[in-house]
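All values derive from a computational prediction rather than experimental measurement.
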Number of protein chains: 2
Amino acid sequence: MQLSKTFDYAIRSLVYLAKLPEGQAAELRAISLSQSVPMSYLAKVMRHLVRGGLVTSILGRDGGYSLRKKPRDITLLQVYEIMEGELRFVECMENDRNCSLFNGCTQAPVWRRLRQAVESIFRETTLADLLPKNAGESVPTPIKESGYARAGA
Amino acid sequence: MQLSKTFDYAIRSLVYLAKLPEGQAAELRAISLSQSVPMSYLAKVMRHLVRGGLVTSILGRDGGYSLRKKPRDITLLQVYEIMEGELRFVECMENDRNCSLFNGCTQAPVWRRLRQAVESIFRETTLADLLPKNAGESVPTPIKESGYARAGA
DNA sequence: CAATCGTGGATATCTTGTGTCCACAATTGA
DNA sequence: TCAATTGTGGACACAAGATATCCACGATTG
């Protein structure tokens, strides 16, 4: 019943990008430092987001990442499905190979209700909802300079 | 975002007990066979339920387990908390050691909303809701005799 | 050409869920 | 009283998945 760090990393990175001035890109190291997320791992996360169509990557010098949509148009459900795949709570969410054999799977309706609840929250929450209200200040400062942002090149 | 098998085992075992005639006990092997759950692992699950106060265990010969409350009085939330502890989706659900430092943890409200949703579903669903409506037949039959119910003594 | 930056994938590590095993205590019936 | 049965407790083993690391490579720009 835990959300993965990967999912959390993805969200926070997207929020970071959303805070940038329109059209501006941020490079991996900057995101990594600001979130205290290992750079080489963040790279993998970002690749998912790129393939998922939420983020554009710019190769080469002065490259980086930038949002491909308005924050209002990026829902947590999209992010979740890109990072984790379809939302499910048990193995046999739809197909009943095992459970229905025993008791007609009386808990299946509960899992469905559960998914609907979570799904609708995820669908209704967009990146825009995660932007700090009172913040015009552009970029948050990292806590520690050391540790991260070292590998990869 | 997955529920553990352990939680599922617990629920199914409780449902099994709930189906028994009032006051009757079932032994470990019977539950294990009916659910195709490894007996030695089920033992551990049952211990949790005993300590959690949902189930009574009877030692010695002709021992077994039986429900300690009416199915209507056992909620999924109780079962969850007994098996998994407090319901949480991220590390820092209440205490904010890390996230608030960066962005005031704008996602925390989302996680809270999420928890409330799940929690209320769990709280409103009782064992009674998981009993098959049309079933007077006492005990479901196992699929395969082999494999489980062998270890332990 | 050289420096920068993201890509891709193989690999390593760590954690946790899941499962196993065995000695032991309690209970009951012969 | 003895032996069989049944749950208890904890140590241990195993597997899978999340998390992290590394390195060779392609793209881009000055």
Side-chain angles (χ1 to χ4, degrees), chain A residues 1-10 12-13 17 24-33 35-52 55-66 68 80 83-85 88-91 98 147-153, chain B residues 1-10 12-13 17 24-33 35-52 54-66 68 80 83-85 88-91 147-153:
Chain A
M1 214 53 189
Q2 284 256 127
L3 293 167
S4 69
K5 284 190 183 184
T6 309
F7 181 47
D8 191 55
Y9 291 167
R12 279 157 52 186
S13 301
L17 294 182
Q24 183 168 331
E27 58 185 55
L28 200 52
R29 190 185 315 133
I31 308 177
S32 163
L33 282 173
Q35 314 289 52
S36 294
V37 172
M39 200 167 130
S40 46
Y41 192 63
L42 229 208
K44 194 179 296 186
V45 173
M46 295 310 290
R47 253 178 276 151
H48 273 274
L49 295 178
V50 169
R51 289 184 190 159
V55 160
T56 308
S57 71
I58 304 168
L59 282 183
R61 188 175 165 151
D62 294 325
Y65 301 94
S66 60
R68 207 164 171 179
Y80 185 91
M83 301 306 297
E84 316 267 6
R88 72 171 49 183
F89 292 94
V90 292
E91 271 304 317
N98 275 320
Y148 301 106
R150 194 162 11 93
Chain B
M1 213 55 189
Q2 284 255 126
L3 293 167
S4 69
K5 285 190 182 183
T6 310
F7 180 48
D8 191 56
Y9 291 167
R12 278 159 51 187
S13 300
L17 294 181
Q24 183 169 332
E27 59 185 57
L28 199 53
R29 190 185 316 132
I31 309 177
S32 163
L33 281 173
Q35 314 289 53
S36 294
V37 172
M39 199 169 131
S40 46
Y41 192 63
L42 229 207
K44 195 180 297 186
V45 173
M46 296 310 291
R47 255 178 275 151
H48 274 274
L49 296 178
V50 169
R51 289 184 191 159
L54 298 187
V55 160
T56 307
S57 71
I58 305 167
L59 280 183
R61 189 176 165 150
D62 293 328
Y65 301 93
S66 60
R68 208 164 172 180
Y80 185 92
M83 302 307 296
E84 316 267 5
R88 72 170 52 184
F89 292 94
V90 292
E91 272 303 319
Y148 301 105
R150 193 160 13 92

Exercise for review: Report the end-to-end axis angle of the helix from C:dC1-D:dG30 to C:dA30-D:dT1; each axis comes from five terminal pairs, and the value is rounded to 10°.
Suggested key: 0°
Practice item. Applying side chain to side chain donor-acceptor pair (under 3.5 Å), name anything that partners B:Tyr41, two or more places apart in sequence or on another chain. Key: B:Thr6
Check your understanding: Side chains of A:Phe89 and B:Gln2: does their closest heavy-atom pair fall under 4.5 Å?
Key -> no
**Study point:** Qualifying residues under side-chain contact (heavy atoms from CB on, under 4.5 Å), relative to A:Ala26, sequence neighbours excluded
**Key:** A:Tyr16, A:Leu17, A:Leu20, A:Ile31
**Study point:** Non-hydrogen side-chain atoms of A:Met83 and A:Leu49 separated by less than 4.5 Å
**Key:** yes
Exercise for review: Apply side chain to side chain donor-acceptor pair (under 3.5 Å) to B:Ser66 and list each qualifying residue two or more places apart in sequence or on a separate chain.
Suggested key: none
Practice item. Kindly point out which of C:dT7, C:dC5, D:dT8 is positioned nearest to the side chain of B:Ser57? Key: D:dT8
Review point. Are any of the side-chain heavy atoms of A:Leu3 and A:Asp8 separated by less than 4.5 Å?
Key: no
Check your understanding: Between residues 1-9 of chain B and DNA chain D, which residues have a heavy-atom gap below 4.0 Å?
Key -> none
Review point. What is the distance from CG of B:Leu42 to P of C:dC21, rounded to the nearest Å?
Key: 16 Å
Review point. Tell me, do B:Met1 and A:Tyr80 make a side-chain contact under 4.5 Å, heavy atoms counted?
Key: yes
Between N or O atoms, less than 3.5 Å apart, protein on one side and nucleotides 9-13 of chain D on the other: list the pairs.
{"unit_1": "D:dG9", "atom_1": "OP2", "unit_2": "B:Arg51", "atom_2": "NH2", "d": "3.2"}
{"unit_1": "D:dG9", "atom_1": "N7", "unit_2": "B:Arg47", "atom_2": "NH1", "d": "3.3"}
{"unit_1": "D:dG9", "atom_1": "N7", "unit_2": "B:Arg47", "atom_2": "NH2", "d": "3.1"}

Practice item. Please report, rounded to the nearest Å, how far the P atom of D:dA20 is from the NE2 atom of A:His48. Key: 14 Å
Check your understanding: D:dA16 P sits how many Å from A:Glu84 CD, rounded?
Key -> 19 Å
Distances for protein N/O vs nucleotides 26-28 of chain C N/O pairs under 3.5 angstrom?
{"unit_1": "C:dT27", "atom_1": "O2", "unit_2": "B:Arg61", "atom_2": "N", "d": "3.3"}

Exercise for review: Kindly write out the residues that satisfy side chain to side chain donor-acceptor pair (under 3.5 Å) with A:Ser4, not counting sequence neighbours, or none if the list is empty.
Suggested key: A:Glu84
Check your understanding: Nearest to the side chain of A:Tyr41 - D:dG7, C:dG19, D:dT21?
Key -> D:dT21
Check your understanding: Can you name the side chain to side chain donor-acceptor pair (under 3.5 Å) partners of B:Ser57, sequence neighbours left out?
Key -> none
